[in-house]
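Data block below; observations after.
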2 protein chains.
Amino acid sequence: DTGSWSAKAIKEAKNFGTVNVAYAGKNENYTRIPSQDELKLSGSEAAYVHLTSNNTIAGTQFAAFPKTQAPLVADMSSDILSRPLNVNDFGLIYAGAQKNIGPSGLALVIIRKDLAARASEKLPTMLNYNTHIDQGSCFNTPPTLPIYFVDLVCKWLEKNGGLAGMEKINNAKADKLYGAIDGKGEFYRCPVAIDSRSKMNVVFRLPSEELEAKFVAEAGAAGLKGLKGHRSVGGIRASIYNATGIDAIDALVSFMNNFAAQNG
Amino acid sequence: DTGSWSAKAIKEAKNFGTVNVAYAGKNENYTRIPSQDELKLSGSEAAYVHLTSNNTIAGTQFAAFPKTQAPLVADMSSDILSRPLNVNDFGLIYAGAQKNIGPSGLALVIIRKDLAARASEKLPTMLNYNTHIDQGSCFNTPPTLPIYFVDLVCKWLEKNGGLAGMEKINNAKADKLYGAIDGKGEFYRCPVAIDSRSKMNVVFRLPSEELEAKFVAEAGAAGLKGLKGHRSVGGIRASIYNATGIDAIDALVSFMNNFAAQNG
């Protein structure tokens, strides 16, 4: 349980079976990703182990994925396509499109066929992954317009050097931004453990909530929008998905330096 | 059971309860809509009565809807927004967007709140209509791009006089096309009972399958595309949803008259 999306997955799973929470991060405000040793896994008795690869609200991300005996199931909605991925390490990967894949309105699923084969025959046809495997993802009329945009995004990814290229760009973006946070003494402060920091959602605090409100307002006026942290945690959040260019990071860092100089 | 979509609804319902098929149209090749008197309903014992308001393959459509004691559930995917509709007559209406509402990628549901309240608490949150009622259809990130197009379609509908205006236009289109079919002696023949004919999908036959193939080929060359009937029934099918203008009907009728003159 590394954040609100994991918590939702736990809630849903409880309707269908016994849930073992292998790591409960809420007591630490979800500020870090657990190490392999900390996980209280159920071994091969578990049907699957579920994780959220990137936590948008807390600003944490799995840098590497745990080894599990049971099939690993990952909600990768908020960091898929941001870095190379060994799909063979997973039993099932799922992701909403709206962060790095394309416009909202479709979801991507990668599933091992032996796991799909476990599906109950009593499932509604539409909810059985075998239906979509057998029908080439065209059992229903697919969302054609979003899919067209996904095609454009894939071509753009290839032009940027594929996922290896995107990883380089995303690393450079994150390094710059975390550098600006860590480099101003105590004025900016990232609550997330260094090895757990997300390269998609960078969260940080200012010395007071008043300064945070001022930061969001002045940044917005300067064209840097949507920097308010999630209402459940407060603070500042810069979501820097694939579509955010290094130029946007430069603009934010420049604003942050000026703001710190004037208000620090 | 008035066609393939009804048959699918029956198949799915069988996973969850006992199904009484109130009318079985397959023996008559789905060429007509049953009258009220023909329906073998289960009265108030039924959880609901399901129908498909328009049958795209067979080319049939409910001109009026049956009276039922149990809540009436209608798949209106292929004729919603083509005519005025008294939603109070239904317990639940559902429709895929891709015919008359907008681009594929979203679905519309109108449900009576007392029926939604019947939902099992063990349903996955996403599959429980109460979730979407409570969250104003924004529990998940909605398909923004298709929704934007739906807004444009709604404005276009209003410009055309709303659903009453669309009904007039659709009646005029269907009258012209069925008139052309019925008006050429035996050359064109509509297999559908007159009171059951769809105003969205007009199906007809020619004297031979060879002539039908020639018709489809020559029509396609003349810019009249997609006229081949569904592979399960053969023949010709003109799908004339809201987006098809009266000018397209005029072009088809003109082609039909010439084709009949040359090949009749």
Side-chain angles (χ1 to χ4, degrees), chain A residues 4-5 7-17 19 50 56-57 75 77-78 94-109 119-131 135 137-153 230 239 241, chain B residues 4-5 7-17 19 50 56-57 75 77-78 94-109 119-131 135 137-153 230 239 241:
Chain A
S4 65
W5 297 103
K8 279 178 200 276
I10 290 166
K11 175 174 172 281
E12 299 298 316
K14 281 182 175 167
N15 280 337
F16 295 96
V19 175
H50 181 281
T56 54
I57 296 174
D75 174 358
S77 293
S78 58
Y94 65 99
Q98 61 268 17
K99 307 301 187 191
N100 285 335
I101 301 175
S104 63
L106 60 85
L108 175 146
V109 176
S120 160
E121 286 179 12
K122 291 286 180 188
L123 275 177
T125 306
M126 188 67 191
L127 299 182
N128 189 325
Y129 285 130
N130 294 304
T131 302
Q135 304 283 326
S137 297
C138 280
F139 172 68
N140 59 314
T141 305
T144 48
L145 202 52
I147 288 172
Y148 171 72
F149 280 86
V150 173
D151 183 53
L152 297 181
V153 170
H230 192 271
S239 288
Y241 298 114
Chain B
S4 65
W5 297 102
K8 280 178 200 279
I10 290 165
K11 175 174 171 283
E12 298 298 316
K14 281 181 176 168
N15 281 336
F16 296 94
V19 175
H50 181 281
T56 54
I57 296 174
D75 174 358
S77 293
S78 58
Y94 66 100
Q98 61 269 19
K99 307 301 187 188
N100 285 336
I101 300 175
S104 62
L106 60 85
L108 176 148
V109 175
S120 161
E121 286 177 12
K122 291 285 178 188
L123 274 178
T125 306
M126 188 66 191
L127 298 182
N128 189 325
Y129 284 130
N130 294 304
T131 302
Q135 303 283 328
S137 297
C138 280
F139 172 69
N140 59 314
T141 305
T144 48
L145 202 53
I147 288 172
Y148 171 72
F149 280 86
V150 172
D151 182 54
L152 297 181
V153 170
H230 191 271
S239 288
Y241 298 114

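Below, read A as the first sequence line, B as the second, and so on, with proteins coming before strands; counting in each chain starts at 1.
At distances below 3.5 Å, at least one donor-acceptor pair connects side-chain atoms of B/S104 with backbone N or O atoms of A/T144.
Residue A/F139 places its CZ atom among more than 12 non-hydrogen atoms of other residues, nucleotides or ligands, all under 6.0 Å distant.
Only the backbone of B/L123 comes within contact range of chain A, judged by heavy atoms closer than 4.5 Å. For B/P124, the parts lying under 4.5 angstrom from a heavy atom of chain A are both the backbone and the side chain. Residue A/P142 touches chain B through its backbone alone, counting heavy-atom pairs closer than 4.5 Å.
By number of non-hydrogen pairs under 4.5 angstrom with chain A, the leading residue of B/L106, B/T141, B/L127 is B/T141. When B/P146, B/P143, B/G96 are compared by the number of non-hydrogen pairs under 4.5 Å with chain A, B/P143 comes out ahead.
Within residues 8-15 of chain A, the residues that have a heavy atom under 4.5 Å from a heavy atom of chain B are A/K8, A/K11, A/E12, A/N15, listed by number.
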